[in-house]
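So the structure is just underneath, and the comments pick up after that.
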2 protein chains.
Amino acid sequence: MRADAKKNYSHLLAVAHDVVAEHGTDVSMRDIARRADVGLATLLRHFPTREALFEALLRTNLDALTQRADELEASSPPDEALLSWFREWIAFAQSHRGVVALMASAHTNPDSALYASCAAVHAASARLLLNAQAEGTARTDMNGDDFFGLMSALGWLVDLPPFAPRAGHLVHLIASAFLTNRPNNDVEKRCAQLDR
Amino acid sequence: MRADAKKNYSHLLAVAHDVVAEHGTDVSMRDIARRADVGLATLLRHFPTREALFEALLRTNLDALTQRADELEASSPPDEALLSWFREWIAFAQSHRGVVALMASAHTNPDSALYASCAAVHAASARLLLNAQAEGTARTDMNGDDFFGLMSALGWLVDLPPFAPRAGHLVHLIASAFLTNRPNNDVEKRCAQLDR
DNA sequence: ACCTGAACACCGTTCAAGT
DNA sequence: ACCTGAACACCGTTCAAGT
């Protein structure tokens, strides 16, 4: 990669980050290019599709997220780890509005730039679920796909402004569906932090 | 309404129904107009926005759906009525792919053509929930908004092809979150009919 | 190598002109 | 009254021409 290309690349990423934070996930590629004072074709050269752009934009945060799964697995009992993971996922969804919808439709499409990241999240989720199931604290009649489905559905929901204020409570509700021991008050309080 | 206008109106509705069934919710208005052998401006005159078109397209089915809430309320015990309502909603979502997302974002916007229909569904849901709560078969730490949120989230999810095969099971999972008595095997079997 | 203006085929909105 | 072609301001994609 040439020096000017490298500069353009990181500049575009920085601008995209700002403009997405400002105007949401569905800004046009043209707008981003304009804001970066760069030809639209230049943006498309670095990020051939909108998904490719978001993949680059989210890689760091998504890597950190899946790494949190490892930490939780090591430091917490399986049921607590599972619930904390679920909460952190929702927090991620809230701070990256619109991304969950992208991931949910990309996660079975190997051609998508987001496929690998989705697979990583899916794998981490399935692992934490299995741990809790083995311990008897998560219901055994669901699999990793079901769990990822619940994560996606709730992540999508809390992205909608009318539901954001109840996000934490909704997490608490869903948690009571997959945990066999109903979460206690302490957990409920931690969930409440997600309300917006 | 003049005779030719009336003819155009129903013709457009019929064409829209077919083309949506064929190509999904996100066909362009232009495509629909083309298929109807009518100027785009004519389509826009009858249905000034995409939401207005879908409102007209769904009114009959949505009316039937909310009426089902009344029937269920009269004929079934509150907890069964609540669960059946939830199941019928998901079945509706499955047969009108993409509509749930439209409704979820329209339900707090009084300017939307779909607002009234959303309000009707919301009200019916809240009523059935209250009945079950009064009877002690639904958890009392959730309100109508929460329930409508769960309905929306799951309806959106089962619209995604990868999750459709587990739709019934996912309904069963969520149901165990809002019903205090875990649903029995019989209910589980009825939910399984939603798998695609 | 890398950038970019311009052309292309789309989209929904608007409106003056036609019947 | 109702219809409609055309103009408009957008979108993402593609590519030949420039540095």
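Naming: A, B, ... by sequence-line order, numbering from 1 per chain. All values below come from the heavy atoms of this structure, side chains included, with hydrogens, waters and symmetry mates left out.
Taking atom CZ of residue A:Phe47 and atom C1' of nucleotide D:dT13, one finds them 17 Å apart after rounding to whole Å. If you take CG of B:Leu12 and P of D:dT4, they are 9 Å apart, rounded to a whole angstrom. Between the P atom of C:dG12 and the CG atom of B:Asp31 lies a distance of 8 Å, rounded to the nearest Å. Rounded to an integer number of Å, the gap from CG of B:Leu44 to P of D:dA6 is 17 Å. Rounded to whole Å, the distance from CZ on A:Arg34 to P on C:dT4 is 15 Å. Taking atom CZ of residue B:Arg45 and atom C1' of nucleotide C:dT19, one finds them 13 Å apart after rounding to whole Å. When rounded to the nearest whole Å, the span between CD of B:Glu51 and C1' of C:dG12 equals 14 Å.
Listed candidates were D:dT14, C:dC3, D:dC11. Nearest to the side chain of A:Arg30 is D:dC11. You'll find that the side chain of A:Ala41 is closest to C:dG5, out of C:dG5, D:dG12, D:dA7.
Using a 4.5 Å cut-off on side-chain heavy atoms (C-beta onward), A:Leu82 and A:Asn131 make no contact. Taking 4.5 Å as the limit, every side-chain heavy atom of A:His23 sits out of range of all side-chain heavy atoms of A:Asp31.
Summary of the strand contacts: A:Asn8 and B:Leu40 both lie near DNA chain C, and taking for each the nucleotide with the nearest heavy atom, the more 5' one is attributed to A:Asn8. Toward the 5' end of DNA chain D, the nearer of the two residues B:Asp4 and A:Ser28, judged by each one's closest nucleotide, is B:Asp4. Nearest-nucleotide assignment on DNA chain C puts the 5′-proximal partner with A:Arg2, out of A:Arg2 and B:Met29.
Partner A:His122 forms a side chain to side chain donor-acceptor pair (under 3.5 Å) with one of A:Thr66, A:Thr108, A:Asp145 and no other, that one being A:Asp145. Of the residues listed (A:Trp85, A:Phe147, A:Phe148), the one engaging A:Phe178 in a ring-ring contact (aromatic ring centres under 6.0 Å, His included) is A:Phe147, and it is the only one.
Across the strands present, C:dC3 finds no partner; the criterion is a Watson-Crick or G-U wobble pair with both atom distances under 3.5 angstrom. Base-pair partner of D:dC8: C:dG12 (Watson-Crick or G-U wobble, both distances under 3.5 Å). The pairing partner recorded for C:dA17 is none, the criterion being a Watson-Crick or G-U wobble arrangement whose two distances lie under 3.5 angstrom.
A sub-4.0 Å separation between OP1 or OP2 of C:dC3 and a side-chain N or O of A:His46 is present.
Contact annotation for A:Asp26: no contact, since no heavy-atom pair falls under 4.0 Å across all strands. Note on A:Asp37: nothing from the nucleic acid sits closer than 4.0 angstrom, heavy atoms only. Residue contacts for B:Thr42: at a heavy-atom cut-off of 4.0 Å it reaches a base atom on one of the strands shown. Across all strands shown, A:Ala5 has heavy atoms under 4.0 Å from sugar-phosphate atoms exclusively, and none from any base.
Atom NE2 of A:His11 has more than 12 heavy atoms from other residues, nucleotides or ligands within 6.0 Å.
On a pure distance criterion of 3.5 Å, no polar donor-acceptor pair joins the side chain of B:Arg50 and the base of C:dG12.
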